[in-house]
Colleague: 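The structure is given below, and queries will be raised subsequently.
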Amino acid sequence: MDHHERQVQQIPLQRLNTVEENQRRQELRIIFEKYDTDGNGYLSRNELRNLIRDKKCPDIPKEVMREVLMRSDQNNDGHLDFEEFYKLSTEHPYLFRDLCIKYCRVVVPRRTPAVADETDGEYERSMKVWPPPLMMIIFSIMEIIFFVVDIIKTQNQNGTSTNGPMATLFIYNPNLRHEVWRFLTYMFVHIGFVHLMMNLLVQIFLGVALELVHCWWRVALVYLAGVVAGSMGTSIFTPRVFLAGASGGVYALITAHIATIIMNWSQMEFAIVQLFVFLVFCITDLGTSIWNSINDPFDKVGYIAHASGALAGFLVGIGVLRNLKVVPWERKLWWCAVTVYFLLMAAGIMYHFLNPAHFY
């Protein structure tokens with residue numbers, strides 16, 4: 001076969017390749033225009049997320065979109081035009097799929113095909129170690145520092161002094177309730193070593209578990225809301241009682257777990273078991289505290305602070321903790337919880353201003 005014959009045979013093949021390329025470009029143009037929802041000729045990060053979501057994957061985080069753009073955004077303008085999109089689909093045809101599968105393996109439970117659409121366990125798999133869960137650890141370190149300073153300053157080897165400089169300034173003193181910071185800062189004051197260690201163990205154990213899923217600032221809001229509610233309730237119902245310790249915040253963390261179990265019921269493994277354990281613990285401990293306070297006049301446990309903190313933790317937990325999949329009844333519960341919490345806090349504050357004789 002001479003050179004002329006070989007050249008004649010190559011022409012149809014070249015034309016065929018051109019036809020296939022044009023057909024491919026037309027198909028990709030249809031896909032591109034479908035997800036270019038604003039019609040500006042570019043795919044933004046949100047539009048890329050929508051494209052991947054149609055591949056039966058969960059919501060894709062910003063980190064994944066950033067990786068897609070880093071690999072394919074040649075002119076570094078923060079989005080993809082059609083030519084970049086076309087090059088991405090031809091040179092890296094499995095990039096979207098690989099990134100999607102990588103993410104799905106982290107957050108979506110592995111299931112057999114018969115139950116592949118179930119979501120049990122998604123809550124546990126949404127735990128992240130970055131940013132690290134440090135907020136409850138920071139609170140705990142501050143409480144330890146306050147305690148140690150007071151013990152050293154008072155030279156009390158038994159670890160039971162509340163007369164140190166930190167305790168004197170920050171404890172909730174009903175005679176100094178006009179110093180409003182005491183409604184919060186009493187959380188750093190502890191009566192003794194056992195009191196301190198019990199609170200530290202529970203708040204670290206429960207708080208870190210919440211931070212892994214819900215982020216530090218959400219857990220901090222729950223904890224501090226419980227602390228303030230504890231002192232507010234104590235001030236109203238037992239107006240002459242001094243208050244020390246972080247028990248209001250600790251009980252808020254306990255009931256926040258109950259709140260997140262309810263709001264993420266279908267996304268949690270063994271939700272009924274977890275709910276039962278927390279309910280039994282909370283009810284038993286509160287019941288014991290109330291029973292002891294009634295039958296033992298020398299009992300020093302602030303059960304009002306426990307109960308108030310628990311109520312605040314449940315309401316604020318519903319309001320601020322993450323809900324992985326929102327359904328209509330959960331939206332109604334969210335509005336109810338937020339409304340009730342703010343009404344109760346507003347009523348407590350107004351009661352202090354409108355009825356000062358109650359506190360003397």
Side-chain angles (χ1 to χ4, degrees), residues 139 143 146-147 150 154 160-192 194-196 198-199 202-203 221-256 282-283 285-317 337 339-360:
F139 280 148
E143 292 166 15
F146 275 53
F147 183 78
D150 278 343
T154 59
T160 58
S161 175
T162 56
N163 298 320
M166 309 302 281
T168 301
L169 183 60
F170 295 112
I171 197 172
Y172 173 76
N173 184 337
N175 301 316
L176 299 172
R177 58 169 53 85
H178 60 277
E179 297 176 350
V180 293
W181 68 82
R182 296 177 182 271
F183 281 85
L184 177 65
T185 57
Y186 76 94
M187 60 179 275
F188 297 115
V189 180
H190 288 81
I191 296 175
V194 175
H195 185 211
L196 172 67
M198 290 296 295
N199 280 344
V202 177
Q203 73 186 30
L221 284 178
V222 171
Y223 183 78
L224 296 177
V227 172
V228 174
S231 56
M232 182 75 72
T234 299
S235 179
I236 293 174
F237 294 103
T238 53
R240 296 171 180 81
V241 171
F242 285 73
L243 196 61
S247 296
V250 169
Y251 271 84
L253 295 177
I254 296 172
T255 52
C282 192
I283 293 174
D285 194 71
L286 278 175
T288 302
S289 298
I290 295 172
W291 175 264
N292 289 339
S293 67
I294 294 175
N295 292 276
D296 183 2
F298 300 102
D299 185 75
K300 301 298 183 181
V301 177
Y303 70 93
I304 295 295
H306 291 187
S308 301
L311 179 59
F314 180 76
L315 296 175
V316 177
T339 302
V340 170
Y341 172 75
F342 280 108
L343 287 176
L344 288 175
M345 291 302 296
I349 294 171
M350 293 302 296
Y351 190 82
H352 279 74
F353 282 104
L354 299 178
N355 190 19
H358 171 77
F359 304 99
Y360 298 100

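As the structure is a prediction and not an experimental result, all values here were calculated from the model. Residue numbers start at 1 and run along the sequence shown.
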Colleague: Taking Thr168 for the side chain and Pro165 for the main chain, is one N or O donor matched with an acceptor at less than 3.5 Å?
Modeller: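 Side chain of Thr168 to backbone of Pro165, a donor-acceptor pair under 3.5 Å: no, none is there.
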Colleague: Nearest 0.5 angstrom please: His190 NE2 to Asn199 CG, how far?
Modeller: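 His190 atom NE2 to Asn199 atom CG measures 4.0 Å (nearest 0.5 Å).
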Colleague: Of all heavy-atom pairs between Ala256 and Val222, which one has the smallest distance, and what is that distance?
Modeller: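 Heavy-atom minimum between the residues: CB-CG1, 3.6 Å.
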Colleague: Would you give the length of the straight line joining atom CZ of Phe188 to atom CZ of Phe147, rounded to the nearest 0.5 angstrom?
Modeller: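 The CZ atom of Phe188 sits 15.5 Å away from the CZ atom of Phe147.
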Colleague: Please walk me through it: do Val241 and Ile304 pass side chain to side chain contact (heavy atoms under 4.5 Å, CB included)?
Modeller: CA-CA 10 Å; Val241 171; Ile304 295 295; over 6 Å; no
Colleague: What pair of heavy atoms forms the shortest contact from Tyr223 to Val250, and how long is it?
Modeller: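 It is CE1-N, 4.0 Å.
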Colleague: Grab the two heavy atoms, one from Gly309 and one from Thr255, that are nearest each other, plus how far apart they are.
Modeller: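 The answer is O-OG1, 4.3 Å.
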Colleague: Between Pro239 and Pro174, what is the shortest heavy-atom contact and its length?
Modeller: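 In terms of heavy atoms, the two residues are closest at O-CB, 3.2 Å.
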Colleague: Just verifying a value: how many Å separate Leu224 CG and Met187 CE, rounded to the nearest 0.5 Å?
Modeller: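 Atom-to-atom, Leu224:CG and Met187:CE are 6.0 Å apart.
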Colleague: Does the Thr185 side chain pair with the main chain of Phe170, one donor and one acceptor, at a distance under 3.5 Å?
Modeller: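 Between the backbone of Phe170 and the side chain of Thr185 there is a qualifying donor-acceptor contact (under 3.5 Å).
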Colleague: Please assess Val189 against Met166 for the test side chain to side chain contact (heavy atoms under 4.5 Å, CB included), listing each intermediate value before the final yes or no.
Modeller: CA-CA 7 Å; Val189 180; Met166 309 302 281; 5.8 Å; no
Colleague: Decide yes or no for Met232 and Ile349: does some side-chain heavy atom of the first lie under 4.5 Å from some side-chain heavy atom of the second?
Modeller: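 Met232 reaches Ile349 side chain to side chain.
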Colleague: Side-chain contact, heavy-atom cut-off 4.5 Å: His195 with Ser247?
Modeller: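 Yes - at least one pair of side-chain heavy atoms lies under 4.5 Å apart.
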Colleague: Name all residues meeting the side chain to side chain donor-acceptor pair (under 3.5 Å) criterion together with Tyr186; count only those two or more places apart in sequence or in a different chain, and write none if there are none.
Modeller: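 Side chain to side chain donor-acceptor pair (under 3.5 Å) list for Tyr186, sorted by chain: empty.
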Colleague: Please indicate whether Met345 has more than 12 foreign heavy atoms, meaning atoms of other residues, nucleotides or ligands, lying under 6.0 Å from its CE.
Modeller: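 Enclosed: over 12 neighbouring heavy atoms sit under 6.0 Å from CE of Met345.
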Colleague: Using every non-hydrogen atom in the two residues, find where Leu243 and Ala305 come nearest and quote the distance to one decimal.
Modeller: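 Closest approach of Leu243 to Ala305, heavy atoms only: CD1-CB, 4.0 Å.
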Colleague: Nearest 0.5 Å, what's the CD1-CZ distance between Ile171 and Phe146?
Modeller: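 Output value for this atom pair is 12.5 Å.
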Colleague: Look up atom CD in Glu179 and atom CG in Leu176, then write down how far apart they are to the nearest 0.5 Å.
Modeller: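 It comes to 4.5 Å.
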Colleague: Let's go through Leu184 and Ser231 carefully: what are the C-alpha distance in whole Å and the side-chain angles of both, what is the deciding distance for side chain to side chain contact (heavy atoms under 4.5 Å, CB included) to 0.1 Å, and is it a yes or a no?
Modeller: CA-CA 8 Å; Leu184 177 65; Ser231 56; over 6 Å; no
Colleague: Find the distance between CZ (Phe342) and CG (Leu315) and round it off to the nearest 0.5 Å.
Modeller: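 Atom-to-atom, Phe342:CZ and Leu315:CG are 10.5 Å apart.
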Colleague: So which heavy atom on Ala229 is nearest to which on Ser308, and how close?
Modeller: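 Ala229 and Ser308 have their closest heavy atoms at O-CB, 3.2 Å.
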Colleague: Ser235: which residues meet the side chain to side chain donor-acceptor pair (under 3.5 Å) condition with it, sequence neighbours left out?
Modeller: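 For Ser235 the side chain to side chain donor-acceptor pair (under 3.5 Å) partners, ignoring immediate neighbours, are Tyr172, Arg177, His352.
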